[in-house]
*Asks:* 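Handing you a structure now.
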Amino acid sequence: MDCNDSRALLSGEQLIYAITVPLSTSIILANLFIILGIACNRQLHNTTNYFFLSLLVADLCTGVALPFIPLMGVNRELSVSACMVAHVFPNFLFLAFLFNLVMVHYERYICIVNPLHYSNLWMHRSFPLALLILWAPPLLFASLPAFGWNNWTAPDWNGCCAGSQKGALLANCSTNGTACCSYRRVFPNAFIYLEVYGLVLPAILTIAGMTGRVLWITRGQLKDICRLHRSVERGSQASDREQRLNMRYTRCVVAVSLTFLACWVPYIIYMHVCVAFLISDTKWSSTTHIVLSCTGIGSMAVVPLMLGLANRQYTEPANKLFHKLRDRWRRTQASEDV
């Protein structure tokens with residue numbers, strides 16, 4: 001590795017940590033905040049909230065791994081085992097987070113679409129099995145490169161290859177038990193296509209479809225309520241109550257739309273840009289990759305936090321604790337002034 005490659009690698013890592021460390025810290029603290037809120041409220045100890053708790057744990061782990069995910073796009077000199085762990089483990093946490101997010105949306109979708117059969121869902125009757133399904137398949141799929149589905153087939157690629165193009169080897173690299181670690185060597189193209197278009201994109205579209213269906217059902221129920229209200233009041237014009245209901249529904253639609261645009265669109269853009277450069281096999285700016293990956297993955301990890309913070313039951317214990325501490329601090333300040 002020459003001096004220019006060393007400086008580029010160092011500046012890239014500094015940029016990654018500068019962006020991801022504050023974001024990762026915020027995600028971890030917010031998840032702990034909601035987890036404590038659920039743990040401290042015994043009324044929330046049911047299967048529905050256990051699924052959401054599993055999602056929060058997955059999101060917390062994603063926040064911990066967030067600084068390491070953009071490093072997957074930076075060529076580094078690592079041992080084969082360390083390189084596999086550095087790529088497989090963050091990918092597993094991301095897929096587990098995605099599986100948990102789909103399960104939470106599906107469980108709430110069934111609650112609204114088919115409330116009579118909600119309590120008889122298989123996931124409620126066999127919660128340990130459902131939990132195993134959420135975590136085991138992501139682990140198995142993410143571990144496929146460690147079991148042999150990788151591009152680590154050329155032993156003469158050993159040594160640092162930062163800055164080299166695919167197929168161009170540096171003859172003067174030192175081995176020292178290390179090798180050039182990059183996502184191209186760990187993840188074959190077929191693996192990336194299968195993950196992106198076979199798992200990630202269908203999961204995002206499924207979440208969007210269920211959310212849109214719920215909003216459509218809510219709109220129909222709102223029209224029925226307004227129709228009944230007018231028949232009781234015997235009025236032809238919308239009352240203040242109907243206007244408040246319509247305004248609340250409008251705010252809900254706007255909030256859901258903005259959440260999708262702010263949280264999912266950046267990741268979808270990042271995902272397709274990565275696939276486009278993978279197909280073209282061209283080298284692109286590490287700064288562009290770092291910014292897109294940090295923005296996309298970080299925004300996606302905010303989705304569970306928005307779902308949790310919007311529920312007052314989850315934040316009520318923490319709010320009570322905050323008010324107690326604030327009142328105690330005020331009493332202390334008042335006693336000191338006296």
*Asks:* For the residue pair Trp135 and Phe92, establish whether any side-chain heavy-atom pair is separated by less than 4.5 Å.
*Replies:* yes

*Asks:* Which class fits the ring pair Phe187 and Phe191: parallel under 30°, tilted 30 to 60°, perpendicular over 60°?
*Replies:* parallel

*Asks:* Take atom CZ of Phe33 as the centre, draw a 6.0 Å sphere, and report whether it contains more than 12 heavy atoms from other residues, nucleotides or ligands.
*Replies:*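 Counting other residues, nucleotides and ligands, CZ of Phe33 exceeds 12 neighbours.
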
*Asks:* Mind checking whether Leu194 and Val88 sit in one hydrophobic cluster, side chains of I, L, V, M, F, W, Y counted as touching below 4.5 Å?
*Replies:* no

*Asks:* Mind listing the closest non-hydrogen atom pair of Pro138 and Ala96 along with its distance?
*Replies:* CB-N, 3.6 Å

*Asks:* Could you check whether any side-chain N or O of Ser126 sits under 3.5 Å from a backbone N or O of Leu129, counting only pairs where one atom can act as donor and the other as acceptor?
*Replies:*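 No; judged by distance alone, with no hydrogens or angles, the pair does not exist.
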
*Asks:* Is any side-chain heavy atom of Leu101 closer than 4.5 Å to a side-chain heavy atom of Ile207?
*Replies:*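 Leu101 reaches Ile207 side chain to side chain.
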
*Asks:* With rounding to the nearest 0.5 Å, note down the distance linking CG in Leu325 to CZ in Arg330.
*Replies:*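 One gets 12.0 Å once the value is rounded to the nearest 0.5 Å.
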
*Asks:* Check whether Thr62 reaches the backbone of Phe94 with its side chain - one donor and one acceptor, N or O, closer than 3.5 Å.
*Replies:* no

*Asks:* A side-chain contact here means heavy atoms from C-beta on lying under 4.5 Å apart; do Leu140 and Leu144 qualify?
*Replies:*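 Side-chain contact under 4.5 Å: no.
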
*Asks:* Is there a continuous path of hydrophobic side-chain contacts, each under 4.5 Å between heavy atoms, that joins Val303 to Leu201?
*Replies:* yes

*Asks:* Can you tell me how far the CG atom of Leu66 sits from the CZ atom of Phe68, to the nearest 0.5 Å?
*Replies:*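 Between atom CG of Leu66 and atom CZ of Phe68 there are 10.0 Å.
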
*Asks:* With rounding to the nearest 0.5 angstrom, report the CD1 to SG distance, Ile35 to Cys40.
*Replies:*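 Between Ile35 CD1 and Cys40 SG, I get 11.5 Å after rounding to 0.5 Å.
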
*Asks:* Is there a donor-acceptor contact under 3.5 Å from the side chain of Asn46 to the main chain of Asn49?
*Replies:*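 Side chain of Asn46 to backbone of Asn49, a donor-acceptor pair under 3.5 Å: yes, one is there.
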
*Asks:* To check you understand the geometry: which heavy-atom pair defines the closest contact between Ile34 and Gly308, and what is its length?
*Replies:*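 Looking at all heavy atoms of both residues, the shortest contact is CD1-CA, 3.8 Å.
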
*Asks:* Please report the shortest heavy-atom distance between Pro188 and Asn151, naming the atom on each side.
*Replies:* CA-ND2, 3.6 Å

*Asks:* Say you draw a straight line from CZ of Phe89 to OG of Ser143; how long is it, rounded to the nearest 0.5 Å?
*Replies:*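 These two atoms lie 10.5 Å from each other.
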
*Asks:* Do Leu132 and Leu93 belong to the same hydrophobic cluster, where Ile, Leu, Val, Met, Phe, Trp and Tyr are linked whenever their side-chain heavy atoms lie under 4.5 Å apart, directly or via other members?
*Replies:* no

*Asks:* Counting neighbours of CZ on Phe141 that are heavy atoms of other residues, nucleotides or ligands and sit closer than 6.0 Å, is the number greater than 12?
*Replies:* yes

*Asks:* Of the non-hydrogen atoms in Thr206 and Pro202, which two are nearest, and what is the gap between them?
*Replies:* OG1-O, 2.6 Å

*Asks:* Taking side chain as C-beta onward, heavy atoms only, is Met123 less than 4.5 Å from Thr47?
*Replies:*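 They are not in side-chain contact.
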
*Asks:* Is the number of heavy atoms from other residues, nucleotides or ligands within 6.0 Å of CZ (Arg326) greater than 12?
*Replies:*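 Yes, CZ of Arg326 has more than 12 neighbouring heavy atoms, counting only those of other groups under 6.0 Å.
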
*Asks:* Taking Met300 as the starting point, is it possible to reach Val64 by hopping between hydrophobic residues whose side chains are less than 4.5 Å apart?
*Replies:* yes

*Asks:* For residues Phe52 and Ile38, determine if any side-chain heavy atom of one lies less than 4.5 Å from a side-chain heavy atom of the other.
*Replies:*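 Sidechains of Ile38 and Phe52: in contact.
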
*Asks:* Compare every heavy atom of Glu195 with every heavy atom of Leu95, then report the nearest pair and how far apart it is.
*Replies:* CD2-OE2, 3.8 Å

*Asks:* Kindly indicate whether the side chain of Val200, heavy atoms from C-beta on, has any atom under 4.5 Å from the side chain of Leu98.
*Replies:* yes

*Asks:* Looking at Asn91 and His87, would you say the former's side chain and the latter's main chain have a donor-acceptor pair under 3.5 Å?
*Replies:* no

*Asks:* Please say which of Asp59, Leu55, Val57, Leu56 ends up in a side chain to side chain contact (heavy atoms under 4.5 Å, CB included) with Asn100.
*Replies:*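 So the option named by the test is Leu55.
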
*Asks:* If you define the side chain from C-beta out and look only at heavy atoms, does anything of Met84 sit under 4.5 Å from Asn150?
*Replies:* yes

*Asks:* side-chain contact (heavy atoms from CB on, under 4.5 Å), that's the test. Do Leu131 and Ser54 meet it? Break it down for me.
*Replies:* CA-CA 8 Å; Leu131 203 62; Ser54 177; 3.5 Å; yes

*Asks:* Are Leu60 and Leu29 grouped together when hydrophobic residues (ILVMFWY) are joined by side-chain heavy atoms under 4.5 angstrom apart?
*Replies:*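 No, no single cluster joins them.
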
*Asks:* To check you understand the geometry: which heavy-atom pair defines the closest contact between Ala301 and Ile27, and what is its length?
*Replies:* CB-CD1, 3.7 Å

*Asks:* In sequence, state the C-alpha distance, the side-chain angles, and the governing distance for His105 and Ile110, and then conclude on side-chain contact (heavy atoms from CB on, under 4.5 Å).
*Replies:* CA-CA 9 Å; His105 278 81; Ile110 295 298; over 6 Å; no

*Asks:* Are any of the side-chain heavy atoms of Thr211 and Tyr109 separated by less than 4.5 Å?
*Replies:*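 With C-beta onward as the side chain, the pair stays apart.
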
*Asks:* Does the side chain to side chain donor-acceptor pair (under 3.5 Å) test come out yes or no for Tyr314 and Asn41, once each step is laid out?
*Replies:* CA-CA 8 Å; Tyr314 296 157; Asn41 191 346; over 6 Å; no

*Asks:* With a cut-off of under 6.0 Å to the ring centre and 45° to the axis, is Arg108 in cation-pi contact with Phe51?
*Replies:* no

*Asks:* Does atom CH2 (Trp122) have a neighbourhood of more than 12 heavy atoms from anything else shown, all under 6.0 Å?
*Replies:* yes

